Amino acid sequence: MTMAGEKFQRNTRQKAVILDYIKACGDSHIRAEDIIAGLEAMGEPVGKATVYRFLKVLESEGQIRRYTISDKVPACYQYVGDQPGCREHCHLMCIRCQKLIHVDNPCIKQFVRETLETEDFLIDESKTVFYGLCRDCRNFLKQQ
């Protein structure tokens, strides 16, 4: 039987382990399954429910950003704790490998500004996704 304090310490430690793993992934977008597998490989097994619970907490704290691309693709997460500007760009999504790429393009920035001025509509760039094929997938398909 665990005492309440022990459970709190364990949850705090697991939250720190999960956050450290996400930070270590840098600018990458990772899925909950990647976190679970990565921590398992490091000898730090954390349950699926715990990972999802702490991802919600970390998101509500503003330490990570959750990206949902479609109903068919699991959400992915990125550390943004000390990078508030990370929310100010759109994304490219490879329809073959599901790679998510940041795009900070001046033409898109201008489009966002002009849309706000002409349509009085503010676009959330961080949720703007262009779908296509990444370089690696295009090269792979060319070789087929």
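Heavy-atom basis, side chains included; hydrogens, waters and symmetry copies ignored. Remember, it's a predicted structure, so these values are computed and weren't measured experimentally.
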First locate atom [atom1] of [X], then atom [atom2] of [Y], and finally report the distance between them rounded to the nearest 0.5 Å.
{"X": "Phe130", "Y": "Thr128", "atom1": "CZ", "atom2": "OG1", "value": "6.5 Å"}
{"X": "Ile22", "Y": "Tyr77", "atom1": "CD1", "atom2": "OH", "value": "8.5 Å"}
{"X": "Lys48", "Y": "Ile35", "atom1": "NZ", "atom2": "CD1", "value": "12.5 Å"}
{"X": "Ile18", "Y": "Lys23", "atom1": "CD1", "atom2": "NZ", "value": "13.5 Å"}
{"X": "Arg113", "Y": "Leu116", "atom1": "CZ", "atom2": "CG", "value": "10.5 Å"}
{"X": "Arg66", "Y": "Glu59", "atom1": "CZ", "atom2": "CD", "value": "6.0 Å"}

Intermediate values then yes/no, side-chain contact (heavy atoms from CB on, under 4.5 Å), His102 and Gln78: CA-CA 11 Å; His102 293 280; Gln78 178 191 23; 3.0 Å; yes

Check: Thr50 side chain, Val46 main-chain N or O, donor-acceptor pair, under 3.5 Å: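 The answer is no, because no donor-acceptor pair under 3.5 Å joins these two groups.
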
Side-chain donor or acceptor of Arg138 paired with backbone N/O of Leu133 under 3.5 Å: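 The answer is yes, because a donor-acceptor pair under 3.5 Å joins these two groups.
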
Are the side chains of [X] and [Y] in touch, meaning some heavy atoms are under 4.5 Å apart?
{"X": "Arg96", "Y": "Phe140", "answer": "yes"}
{"X": "Met42", "Y": "Tyr21", "answer": "yes"}
{"X": "Phe111", "Y": "Ile123", "answer": "yes"}
{"X": "Leu19", "Y": "Tyr79", "answer": "yes"}
{"X": "Ile30", "Y": "Cys25", "answer": "yes"}
{"X": "Thr115", "Y": "Leu122", "answer": "no"}

Minimum heavy-atom distance between Cys94 and Cys134, given as atom pair plus value: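 In terms of heavy atoms, the two residues are closest at SG-N, 3.4 Å.
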
Closest non-hydrogen atom pair between Ile108 and Cys90, with its separation: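 Minimum heavy-atom contact is CD1-SG, 3.4 Å.
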
Cluster check Val129, Val112: I/L/V/M/F/W/Y, side chain < 4.5 angstrom: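 The answer is no; the residues belong to distinct hydrophobic clusters.
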
Same apolar cluster: Met93 and Leu141, side chain cutoff 4.5 Å: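 Linked, Met93 and Leu141 end up in one cluster.
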
Heavy atoms from other residues, nucleotides or ligands near NZ of Lys56 exceed 12 (cutoff 6.0 Å):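 No, the 6.0 Å shell around NZ holds no more than 12 heavy atoms from other groups.
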
Whether over 12 other heavy atoms sit under 6.0 Å from Asn139 CG: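 For Asn139, atom CG is crowded (more than 12 foreign heavy atoms under 6.0 Å).
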
NZ/NE/NH1/NH2 to OD/OE distance under 4.0 Å, Glu114 and Lys109: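 Answer for the salt bridge query: no.
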
Salt-bridge contact Lys99-Asp136 (side-chain N to carboxylate O under 4.0 Å):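 Result for this pair is yes, salt bridge flagged.
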
Worked check of side chain to side chain donor-acceptor pair (under 3.5 Å) between His91 and Glu125: CA-CA 8 Å; His91 299 88; Glu125 286 181 73; over 6 Å; no

